[in-house]
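Quick notes on the structure that follows.
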2 protein chains.
Amino acid sequence: MKVLIEGLSDTFDNRVRLGVMSMLMVNDWVEFTTFKTMLDLTDGRLASHLKVLEGEAYIEVQKQFIGRKPNTSYRATALGRKAFNDHLDALEKLLNLRNQNGPAAVEKKED
Amino acid sequence: MKVLIEGLSDTFDNRVRLGVMSMLMVNDWVEFTTFKTMLDLTDGRLASHLKVLEGEAYIEVQKQFIGRKPNTSYRATALGRKAFNDHLDALEKLLNLRNQNGPAAVEKKED
DNA sequence: TTGAAGTACTTTGAAACACAAAGTTACTTT
DNA sequence: AAAGTAACTTTGTGTTTCAAAGTACTTCAA
């Protein structure tokens with residue numbers, strides 16, 4: 001029998017990307033600066049992870065001006081939502097081990 | 001406001017270590033070979049991650065002979081259980097963003 | 001008794017990843 | 001003119017991770 005830790009996604013292994021996606025699951029458009037303050041990140045660190053998510057087509061960007069200031073906002077794509085939910089399902093399945101004696105429980109051996 | 005992704009533990013970032021700890025939450029003693037087959041790992045990869053967990057004193061080892069064969073088993077220490085539960089709590093708090101409109105929900109801005 | 005397989009590692013080396021810090025572009029505000 | 005805001009990119013360094021191979025000892029089957 002296998003526990004299949006490989007069902008987890010490499011993309012969401014990282015905690016910044018996990019935080020970003022989490023926020024995008026409940027909020028339609030989220031601004032760069034909002035991520036920055038809520039996740040307490042530097043510009044560079046945030047930008048690099050957003051770029052990865054964009055590269056996977058898990059999020060999309062909107063650039064506009066609000067008043068006279070530039071504004072960059074992001075939202076999750078359908079693909080991104082699916083991938084993230086799949087990841088969370090795999091995670092949940094793995095972690096359910098701790099809560100109940102499900103089928104994943106292992107036979108003991110006597111000393 | 002912050003989402004505090006830093007509440008997560010570096011030790012449990014890795015999926016192998018996550019799988020190992022998960023198994024040790026529901027099973028008292030788990031054998032090396034059991035981890036190996038259930039998590040589908042090479043000896044080396046498994047051994048290295050077990051060593052990290054042992055280094056943190058999150059798991060402890062028992063070496064014995066079963067019949068005439070050597071046997072290595074592991075179990076979680078009290079410290080390990082606490083650290084893992086704390087990690088999962090942080091994870092849960094982060095991921096609850098996706099399920100409800102809790103205090104973590106972010107104000108929207110109009111286009 | 002030879003040799004394959006089991007058990008549990010350690011070592012090595014290379015690739016991937018992540019981050020801080022600094023630099024950049026193009027504005028706007030004072 | 002100088003400082004500030006927004007959103008990056010680049011660079012360099014350190015860390016992590018893994019596959020692959022090597023080690024050491026034992027059992028088991030032919």
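Remember, it's a predicted structure, so these values are computed and weren't measured experimentally. Naming convention: chains lettered A, B, ... in sequence-line order (proteins, then strands); numbering from 1 in each chain. When reading the values below, keep in mind they use all heavy atoms of this one structure, side chains included, and skip hydrogens, waters and symmetry mates.
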What is the distance from [atom1] of [X] to [atom2] of [N], rounded to the nearest Å?
X	N	atom1	atom2	value
A/Q64	D/dA6	CD	C1'	13 Å
A/H49	C/dC17	NE2	P	11 Å
A/L41	D/dA6	CG	P	16 Å
A/E54	D/dT9	CD	C1'	14 Å
B/L39	D/dC18	CG	P	12 Å
A/Q62	D/dA6	CD	C1'	16 Å
B/D40	D/dA19	CG	C1'	14 Å
A/I5	D/dC18	CD1	P	8 Å

Is any side-chain heavy atom of A/M25 less than 4.5 Å from a side-chain heavy atom of A/N85? yes
For a 4.5 angstrom cut-off between non-hydrogen side-chain atoms, does A/H87 reach A/L18? yes
What residues, two or more places apart in sequence or in another chain, satisfy side-chain hydrogen bond (donor to acceptor under 3.5 Å, both in side chains) together with B/S9? none
Under 4.0 Å between a Lys/Arg side-chain N and an Asp/Glu carboxylate O for B/K82 and B/D86? yes
Between B/R15 and A/D10, does at least one N-O distance fall below 4.0 Å, as a salt bridge requires? yes
Please list, chain by chain and in numerical order, all residues satisfying ring-ring contact (aromatic ring centres under 6.0 Å, His included) with B/H49, sequence neighbours excluded. none
Only counting residues at least two apart or in another chain, list the ones meeting ring-ring contact (aromatic ring centres under 6.0 Å, His included) with B/F32. none
List in numerical order all residues of residues 8-17 of chain B for which some heavy atom is under 4.0 Å away from an atom belonging to DNA chain D. B/N14, B/R17
For residues 59-70 of chain A, pull every pair meeting salt bridge (Lys or Arg N to Asp or Glu O under 4.0 Å), keeping only residues two or more places apart or in separate chains. A/E60-A/R75
Relative to each other, are the rings of A/F12 and A/Y58 parallel, tilted or perpendicular (30° and 60° limits)? parallel
Whether each nucleotide of nucleotides 3-13 of chain C has a protein heavy atom under 4.0 Å at its base (B), only at its sugar-phosphate (S) or at neither (-) is summarised, 5' to 3', as ----SBBB---
